[in-house]
Amino acid sequence: MKPLFVALALALATTSAISADVESHTPHPFNIRDLVMMDRVGDPQLSPDGRQALYTVRATDYAANKGVTAIYLLDLDKGAQPVKLIDKGASPRWAPDGSALYYVASKDGVAQLWRRELGKSSSSVQITHAPVDVDAYKLSPDGTKALLSFEVFTDCADLACSKERLDGHESNKASGTLYNKLFVRHWDTWADGRRAQLYITDLSGDEGAHPVLLSRGIDGDVPSKPFGGDDEFTFSPDSKTVYFDARIAGNSEPWSTNFDVYRVPADGSAAPQNLTAENLAWDAFPVVSPDGKTLYYLAMKEPGFEADRFGIIALDLASGQKHEVAPGWDRSAGGLQISGDGKTLYATADDNGQHPLFAIDVASGKVSTVVTNGSISSFVAGKSRLLLERDDLKHPADLYVADLRGKGLKQVTHYNAERLKNAQTGEPEFFTFKGWNNETVQGYVVKPVGYKSGKKYPVAFIIHGGPQGAMSNGWSYRWNPQTYAGQGFAVVTINFHGSTGYGQAFTDSISGDWGGKPLEDLKLGWKAALGKYSFLDGDRACALGASYGGYMVYWIAGVWNEPWRCLVDHDGVFDARSMYYSTEELWFEEKENGGTEYDHPQNYEKFNPVNHVKDWRVPMLVVHGGKDFRIPDTQGLGAFTAMQRRGIPSQFLHFPDENHWVLKPQNSVQWHEAVNAWLKQWTAKDAQKNSAK
């Protein structure tokens, strides 16, 4: 007889394979198979003449347990069907004259830059022949050069040296690594001494061409790791100057958010010049005006605070004078772009449960909403139209077009239409209530699939992470409310104090008060939802959360456990003290707790879940990733140990190959099936409400 945990894993794996392998063509409640197998549209790129779009579609190869990304071309004017240009490739970009596309694809296991002419009989030509991966790139406006980012050992003279050193590490029988400073590891990767560095190369495709290092002397990554992209470097309109940002590293990197913006000649004839040295907070994402006279970028004001408001700064490149473009706009901008005439900046931002696209008048700083409902994940501002990637709570991302004022919004791709036609989803509705200090707080509910008036339904009460984030009108492949609605659960979520999109003061208010104002909002929000929506069964509810949401699950397990039949915690903080000494980005812990743990231990203990284990009694499922270095898996193991020792019904689902997120398709299916089974077990009408001895 197999041990229980082995049998459970095998059963879940078998069920997962069946549920994700067979596509249903009949109406059914939305489920994890639908979510995992959806095509994911992304990275839209508008042609120079505005008539065509390049974009990527990531399909799921379930058997291989991964996604496969292809590149498509769509004629926006003729209404034709999309054409697949590249079976396996990423980061498509138009040649400045529109005659060709560039993209990144692997050859012999190394990612390189390729070019394909847009003709009937065209084939791809390899442009770079580097021994290491091209991680990000950007083309010059004149079409003759490309910026390239490679991960290299900065003391190496060339790329070949970095490759040789990596190969040497692989062949070395001794496995130890000696570290002299942090980061020792970051996000999900152990440090090996390499930095992302910015190079420039000729686009002739000559195998003898050697990229020239531009970011020399910079102790930082270009772009930043682990999530930086090509929006962190750019050319001047005349292609003669390059601008990029980098986080200042040195020995303070783990507790500093000091990014700076640099300028360097595109020929590499001089060292980079720091343009923002006076600001010790985050300066990044440079955008140059069409006339080349003004550099726009995003900047924070508070050092060490990653969730500070990003303001839009204009730098006159001749005089060096700077000013904020829209100082009265109380939102944190992202995705900055500029119109062809240089008069309008475009940016996205969280805003009252939505993530719209905004237009900012450069001269006056006036801000107007261009595209409102839903979430604009990415966009391109062309000469006469916008190309948008948009999603919402009922629809995954597709592409849309509109004029530059957002008028005439039209959907131009319809991926997953057949799957959505057959998969029934729940209806969302936003609501507001008076939260902490009688201030207005927003949340939403999602009705279960098959909702019938007069009937009561069990509830999944989802607590968002961040903590400076929000549950908004957008689609998600991790915490998607529709996966619970499809299982017959109503969903309730609250954008408590600390959430984004309600003004910076609202966002700031959570720092130093993790278990205070947010908990009060959750309590009042739960009460308000029960009072407003009679279909919510308050006696059959479970609370779920990840990251900060996971922290809050541990916190309420000890201080607000009365309403809950069960709890689900994913990668949450169980012990604030040990978290400080085992996480990697110390700036986050120090900002949220008012300094270091050894200087301010009382702050770390004030809302520390481990101090309330004696009051835990609600059954809990804990999930943690073995490659989660943001919140290490010992946090989850510690919580599971506490519950087991106290005799509380509990399970521990561990993914050795996942980081702070669960990304692999089969792991995602297993995650959802384990969570759904736990919810159903404990919200059954005959389940015991509180189960601690």
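Remember, predicted model here, so these are calculated numbers, not experimental data. Sequence positions, counted from 1, serve as the residue numbers for this chain.
With sequence neighbours excluded, no residue satisfies salt bridge (charged side-chain N to carboxylate O under 4.0 Å, His left out) with Asp133. Take Phe655 and apply the ring-ring contact (aromatic ring centres under 6.0 Å, His included) test, not counting sequence neighbours, and it matches no residue. Listed by chain and residue number, nothing satisfies the side chain to side chain donor-acceptor pair (under 3.5 Å) test with Thr507 (two or more places apart in sequence, or in another chain). The salt bridge (charged side-chain N to carboxylate O under 4.0 Å, His left out) test applied to Lys627 returns no partner, not counting sequence neighbours. The salt bridge (charged side-chain N to carboxylate O under 4.0 Å, His left out) search around Lys225 returns Glu151, Asp221, not counting sequence neighbours. Under the rule for a ring-ring contact (aromatic ring centres under 6.0 Å, His included), the partners of Tyr502 that lie at least two apart in sequence or sit in another chain are Phe506. Every residue meeting the salt bridge (charged side-chain N to carboxylate O under 4.0 Å, His left out) condition with Asp351, not counting sequence neighbours, appears here in chain and number order: Arg331. The ring-ring contact (aromatic ring centres under 6.0 Å, His included) check on Trp678 picks up Trp682, with sequence neighbours excluded. A search for ring-ring contact (aromatic ring centres under 6.0 Å, His included) contacts involving Trp587 returns nothing, not counting sequence neighbours.
Evaluation of the side-chain hydrogen bond (donor to acceptor under 3.5 Å, both in side chains) test over residues 549-559, restricted to residues two or more places apart or in two chains, returns Tyr554-Asp569. Residue pairs satisfying the salt bridge (Lys or Arg N to Asp or Glu O under 4.0 Å) criterion with at least one member in residues 516-528, sequence neighbours excluded, are listed as follows: Asp513-Lys517.
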Show me the donor-acceptor pairs within less than 3.5 Å that the side chains of residues 172-187 make with the rest of the protein, sequence neighbours left out.
residue: Asn172; atom: OD1; partner: Ala174; partner atom: N; Å: 3.0
residue: Tyr179; atom: OH; partner: Ala191; partner atom: O; Å: 2.8
residue: His186; atom: NE2; partner: Glu585; partner atom: OE2; Å: 2.7

